[in-house]
2 protein chains.
Amino acid sequence: MHADDVFKALADPTRRRLLDLLCEQNGQTLGKLCEHLDMTRQSATQHLGILEAANLVSTVRRGREKLHFINPVPLHEVYERWVRKFERQRLSLLHDLKQELEGG
Amino acid sequence: MHADDVFKALADPTRRRLLDLLCEQNGQTLGKLCEHLDMTRQSATQHLGILEAANLVSTVRRGREKLHFINPVPLHEVYERWVRKFERQRLSLLHDLKQELEGG
DNA sequence: AGAATATGCAGGTAGATACCTGCATGTCAA
DNA sequence: TTGACATGCAGGTATCTACCTGCATATTCT
C-alpha cells in the first residue's frame, strides 16, 4: 500500500467530494459526476485519475462509458496503520499536554 | 473543525513523520525533532506550523524552548466524519463493483 | 454513413508548496 | 555581561498542482 498516494489523494476537497458522490451512488460515469462539480470535464478526469492511482477508485469500461466505483480498502488500511495508533494513545497524549500546561 | 487543513497537513510525509515522532515521545522541542529529519531547522518549523494551524499539534513555550504535543482530537473528528461513512458501507460498495465486473 | 455522445490526450499557466540561505530575537549560564 | 543555544522571521527558487483550451478517438443511434 502506498500511504502517500492515499493521503495526497484525500488532500483535495474536489476529490473528497467525488468520493462522497460515489458513496451516494456507486458506479457513476465521468459525465454524471461532472454535473455536480464546478469545473471542466478534463479537470475532473485528472482528479479521478489521482483517485484511481491511489487505488481509492476502480473503473470499469462499459461501451463508451467509464463507470467509477469506490474501493474502501485503502482507506481502511490507512486508518488501521496511521490513525488507530493515535486513537489508542488519545487520552495519554492529551494528558501529557495537560500536565505540561499545569507546570508538571 | 477545518477538515481541509487536517487532510492537507497529513498529505506530507515529513509531517506524518513528525506526528510519529511525537507519538513516540510527546512534548519534544524543535531541535530534538530536527535530529530525525533530513532538512534544515527552518523547513521543519514550517511543517510544524502547518500541523499547528491544523490543530494537530499544540505548543507550549518553556523558556527558550518550544515543546510540541500531539492533539489527537482533529484526527478523531476527521475519522468520524469522513472515514466511518465509507467503513460502514465497505462491503456493499465492494459488492457494487463485483456485480458490475460479473456483468450485472 | 453521419451526427451525437462519452471519454482520452497534449500542452499551457497561475498559484501553492517545500525547500533553501541569511539574519534577528530571546534565553540561559558562566 | 558575554558567549552559546533555541527559536523566529524575511525573502528567494524550483517543483508540483489544479485548473484551463483545443483537438483526437471511440461508441452509439438514426
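Lettering follows sequence order; numbering is per chain, from 1. Side chains included, hydrogens not; waters and symmetry mates left out as well; all remaining heavy atoms used.
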Item to check | Nearest-nucleotide pick for Arg15(A), side chain only, options being dT17(C), dA18(D), dC20(C) | outcome: dA18(D)
Checklist entry - Looking at His47(A), does any N or O in its side chain come under 4.0 Å of the phosphate oxygens OP1/OP2 on dT17(D)? => result no
Checklist entry - Any idea which heavy atoms bring Ala9(A) and Leu56(A) closest together, and the distance? => result CB-CD1, 3.9 Å
Checklist entry - Leu67(A) CG to dA6(C) C1': how many Å, rounded? => result 12 Å
Next on the checklist: Using a distance-only criterion (donor-acceptor N/O pair, under 3.5 Å, no hydrogens), is the base of dG22(D) paired with the side chain of Gln42(A)?
Outcome noted: yes
Checklist entry - Rounded to whole angstrom units, what separation is found between the NZ atom of Lys32(B) and the P atom of dC5(D)? => result 17 Å
Item to check | For atom CG of Asp12(A) and atom C1' of dT17(C), their distance in whole Å | outcome: 14 Å
Checklist entry - Met39(A) has an atom CE; how far is it from atom P of dT17(D), in whole Å? => result 16 Å
Checklist entry - In whole angstrom, what separates Leu10(A)'s CG from dA18(D)'s C1'? => result 17 Å
Checklist entry - Looking at Arg64(A), does any N or O in its side chain come under 4.0 Å of the phosphate oxygens OP1/OP2 on dA4(C)? => result no
Item to check | Between CG on residue Leu48(A) and CG on residue Leu19(A), distance to nearest 0.5 Å | outcome: 9.0 Å
Checklist entry - OP1 or OP2 of dA6(C) sitting under 4.0 Å from any side-chain N/O of Thr29(A)? => result no
Checklist outcome for this item: OG1 of Thr29(B) to CZ of Arg64(B), rounded to nearest 0.5 Å, is 11.0 Å
Checklist outcome for this item: Taken to the nearest whole Å, CZ/Arg17(A) to P/dA18(D) is 17 Å
Checklist entry - OP1 or OP2 of dG8(D) less than 4.0 angstrom from a side-chain nitrogen or oxygen of Arg61(B), does that happen here? => result yes
Item to check | Distance in angstrom units between His68(A) NE2 and dA6(C) P, rounded | outcome: 14 Å
Checklist entry - When the distance from CD1 of Ile50(A) to P of dC16(D) is rounded to whole Å, what number comes out? => result 13 Å
Item to check | Point-to-point distance, once rounded to the nearest 0.5 Å, from CZ of Arg17(A) to OG1 of Thr14(A) | outcome: 9.5 Å
Item to check | Whichever of Ser43(A) and Thr45(B) has its nearest DNA chain D nucleotide further upstream toward 5' | outcome: Thr45(B)
Checklist entry - Does a nitrogen or oxygen in the side chain of Lys66(B) sit under 4.0 Å from OP1 or OP2 of dG8(D)? => result yes
Next on the checklist: For Phe7(B) and Trp82(B), take the angle between the two ring planes, folded into 0 to 90°, and tell me which bin it lands in: parallel under 30, tilted 30 to 60, perpendicular over 60.
Outcome noted: perpendicular
Checklist entry - Given that Glu65(A) and Lys8(A) both sit by DNA chain C, which one's nearest nucleotide is further toward the 5' end? => result Glu65(A)
Next on the checklist: Using a heavy-atom cut-off of 4.0 Å across all strands, would you classify Arg41(B) as base, sugar-phosphate, or nothing?
Outcome noted: base
